[in-house]
Amino acid sequence: MPAARYRVRLMAAIPDKPSLDGIETPLIERWERDGTYRFDRSATRDQVFAIDTPPPTVSGSLHVGHVFSYTQTDTVARYQRMIGKKVFYPIGWDDNGLATERRVQNFYSVRCDSSLAYEPGYQPPFRGDAPKGTQEIPVSRPNFVELCKELVAQDEAVFEDLFRRLGLSFDWSYLYTTIGDHCIRTSQQAFLRNLARGEAYLQEAPTQWDVDYRTAVAQAEMEDREMPGAYHLIAFARTDGLGDVTIDTTRPELLAACVALVAHPTDERYQPLFGTTVRTPLFDVEVPIVAHHLADPEKGTGIAMICTFGDTTDITWWRELNLPTRPIVGWDGRLLSAEREWITTAAGQGAYGELAGKSVKQAQAKIVELLTSSGALHDDIRPIKHPVKFYERGDRPLEIVTTRQWYIRNGGRAADINEALRARGRELTFYPNHMWHRYDNWVENLAGDWLISRQRFFGVPFPVWYALDAEGVPLHDAPIVPDEADLPIDPSTETPPGFTADQRGRPGGFIGDPDIMDTWATSSLTPEIAGHWVDDPDLFARVFPMDIRAQAHDIIRTWLFATVVRSHHEFASLPFKGATLSGWILDPDRKKMSKSKGNVVTPMHLLEQYGSDAVRYWAANARLGTDTAFDEGQMKIGRKLSNKLLNAAKFVLSFPPIGGGVAIDDPVDLSMIAKLDAVIVEATTAFEAMDYARALERTESLFWWFCDDYIELVKARGYEGDGSALKSLRYALHAFLRLFAPFLPFATEEVWGWWQQGSVHNATWPTVSGLEGDPAILDAAGFVLAQIRGAKTTAKVSQKAAVALVEIAATQAFLDTVDPATDDISTAGTVARYRLIETDSDPVVNVVLEPTQVSSGASG
RNA sequence: GGGCGCAUAGCUCAGUUGGUUAGAGCACCUGGUUUACAUCCAGGGUGUCGGGGGUUCGAGUCCCUCUGUGCCCACCA
């Protein structure tokens, strides 16, 4: 595109009553029309500032937390644009994954069935609020995906509207969606590369499993919840006939899955029993008593039952002690129905038969009943509350089920990869710095490789097939991969090279991998996706590695880490140089705002009520990494600031423009410019350190001083047409508009349009004036003026009241400093006469009001 | 149990390498304006800078320690 497309526009007239109301929409349209935020892709990497933006999950609505963090990043983007960087600032929607599936299921009342064939032109009978109790209609995976796409498109339009209204300066032409072909292709290509290099592998292993979603879950997606439970004491009969061994368990329903009892090697109570066996109650299965250091003598009876699998320690014991596998919990969270071959007695099989088909919860109730009547269960059942692992989106506790899953090596099993990824963390600049600890902590303590496969439907399919042997058994060890050029592919509908479609599912034929990738496996590639790694290497070279990744601190372990893993494997580099971590929004009671608490405020209503700039002001006031209370008071202040900017600008511009030959030469004006220069330096330094909040605070502070003190002082000279004053006012306004532009894009652009060409957002960030001024002059003048104002306030007279005499007693240095400002002070404070008295102490100002001005009620 | 934050005015928070008498906004009170300002301005602060100890000529700032509070991780028989 052309580098600069200036549109000839008539200068907008300065309104009599400037207003913030309704300024957003025309400006949004103008920015889009003019391509104000378009990325200039002719720029080389060193001229580019690239931002890796979080694609929000499209599953309903945006909340104030989005407004908060996206605004913070936007201020940085706007600053970078103004210092001359070509800003690559794309946005995407994260619309694949479980959240969307669930919404689609409810919205259309359908259920995805991968075994069904695609039905072109399928229309679901229900839309929106399907009648309650309606049977979910099975549809094929491609049809289901079509419905997902249809629904997310509606949500995305709403998101886009809000983001534009907020003034986020994305280049919308690079918009991506995680369910779009481009993302699928990128994910699949990255996966195939991982596979080819051995970084991705398929393994059958015990896996954390959500029984409702019926999918495996990764370590990073699990959370603990405090749940009620109960200890059950269960007696196991020793096979040597010398009595019982009693264990304590919260999961008696897993008794049939018991493979051993375990105690600590040094536990004297159980040392004699190591190597002996006991028989499980009810099922009468002989299991050994073994020793392992993870057994805790302090817990329960000091000896535990090992089941396959009740928790992660069971997995460790099972693996390290080479114990057999006796699975009893199925994918649906119910006890498996088929006969368990290790239960050999008729009574045992009978007992198991009573449990088979029951949910874990039902099975627990039943087995307690059975154990009680058999006498093996101590009647002292002690209820407790204990943390239980859940999938973060799940409703029931995770079970551990042995399944075949895809993993990506992330240092959870290999020390060398772990160290390499920790080194990447040290290489990355975190804003704020201390967030690095969360990264390092997580990587250091990883429990296993990254499980990326999900047994779901709406996501990126694994681009592999498996040949079937003569018996129809899949050859999982030798996945068939497509050519990268053929991506994206869906193995459930497409045929692998060397096969025909009718061989699908037949012995000697093939099957497609039925799984999809976890959403993080796609979003871990946002720099590659946005930068078009797969289809535009020229663009990619100009934007990668990106400059910053913006995100919230709670997803360091997921999004940030996963992105580093993918980039490390593929490019042996970081995906971005820095990461800015935003805080959370807390409600006024300091609790984290969340949908489930019902305390979420809808952002659009805030934008309408206070104006976008005012809401942005609130967001930009919070520093990175700091959780912030939701505070409409701050928005009111932001609105006042924006309003002040309009009015101060109107006032400054009400004076006639001054010719080019006029110099700023009055010491008072030079003093103001010196202060302005200092703030420009501070704001610039702050922005370079991603400290937008400080840049705003310094600018705002100077601006109010500029309005209240400087303008008031030089107003009179302005009315007289003094060149230096008029030039200074416009000079300062020009700078203030640009300093505020990252924060208040609408108000600054509105004012800019009154007297400047182009967009303030493509203007150059202010730099120091190069003029020599003494800031102390205005400090001294401000001090004297404050004394005069204070005297009038004390006397309860108008600020316009005349002053007969101002006596300033101070050091000669102070008197010399204030001297150039006395004329301005005179007009601003209506002072008739000064008397300067040299002393060697701190300045003292004595104000003598004109007698006629003293109100009759005043004392004396 | 491990790690990382935070604690400053009634509220929300600044306070950059240690340096005069610790600041801002909000709220509150008083007064003044109402031809730049759907308002604006001026004036109004007895703060144990969480407690204690230390370093220093000097500590809100650096060190130690304790307390409170929040988050992350681990533990889950």
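Below, chain A is the first sequence line, B the second, and so on; all start at residue 1.
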Flag, side chain of A:Thr246 to backbone of A:Ala235, donor-acceptor distance under 3.5 Å: no
Closest approach of A:Phe390 to A:Arg225 (non-hydrogen atoms, all atoms of both residues): CD2-NH1, 3.2 Å
Nearest-nucleotide comparison on RNA chain B, the residue closer to the 5′ end among A:Ile303 and A:Gln787: A:Gln787
Base-pairing mate for B:rA36 - Watson-Crick or G-U, with both contacts under 3.5 Å: none
P-based separation of B:rC62 from B:rG15 [nearest Å]: 12 Å
Closest to side chain of A:Tyr231, choosing from B:rC73, B:rG43, B:rA77: B:rA77
B:rG58 to B:rC71 separation - C1' atoms, rounded to the nearest Å: 36 Å
Nearest-angstrom distance, C1' atom, B:rA24 to B:rA9: 11 Å
Watson-Crick or G-U wobble mate for B:rG5, both contacts under 3.5 Å: B:rU69
Integer angstrom distance from the P of B:rC73 to that of B:rG50: 29 Å
Interatomic distance at P, B:rC75 relative to B:rG2, whole Å: 15 Å
Nucleotide B:rA74, atom P - distance to CG of A:Asp311 in whole Å: 14 Å
Heavy-atom pair of closest approach, residues A:Leu20 and A:Ala747: CD2-CB, 4.2 Å
Interatomic distance, A:Glu223 CD vs B:rC71 P [rounded to whole Å]: 13 Å
Interatomic distance at C1', B:rG25 relative to B:rG45, whole Å: 14 Å
Distance-only donor-acceptor test (3.5 Å): side chain A:Asp224, base B:rC75: yes
Backbone of A:Ala622 reached by a side-chain donor or acceptor of A:Tyr692 within 3.5 Å: yes
Along RNA chain B (nearest heavy atom to each residue), the more 5'-positioned of A:Pro387 and A:His553: A:His553
Nucleotide nearest A:Ala648 (side chain, heavy atoms from C-beta), chosen from B:rA36, B:rC4, B:rA42: B:rA36
Gap in Å between the two C1' atoms, one belonging to B:rU17 and one to B:rG60, rounded: 16 Å
Salt bridge A:Arg639-A:Asp21, side-chain N to carboxylate O under 4.0 Å: yes
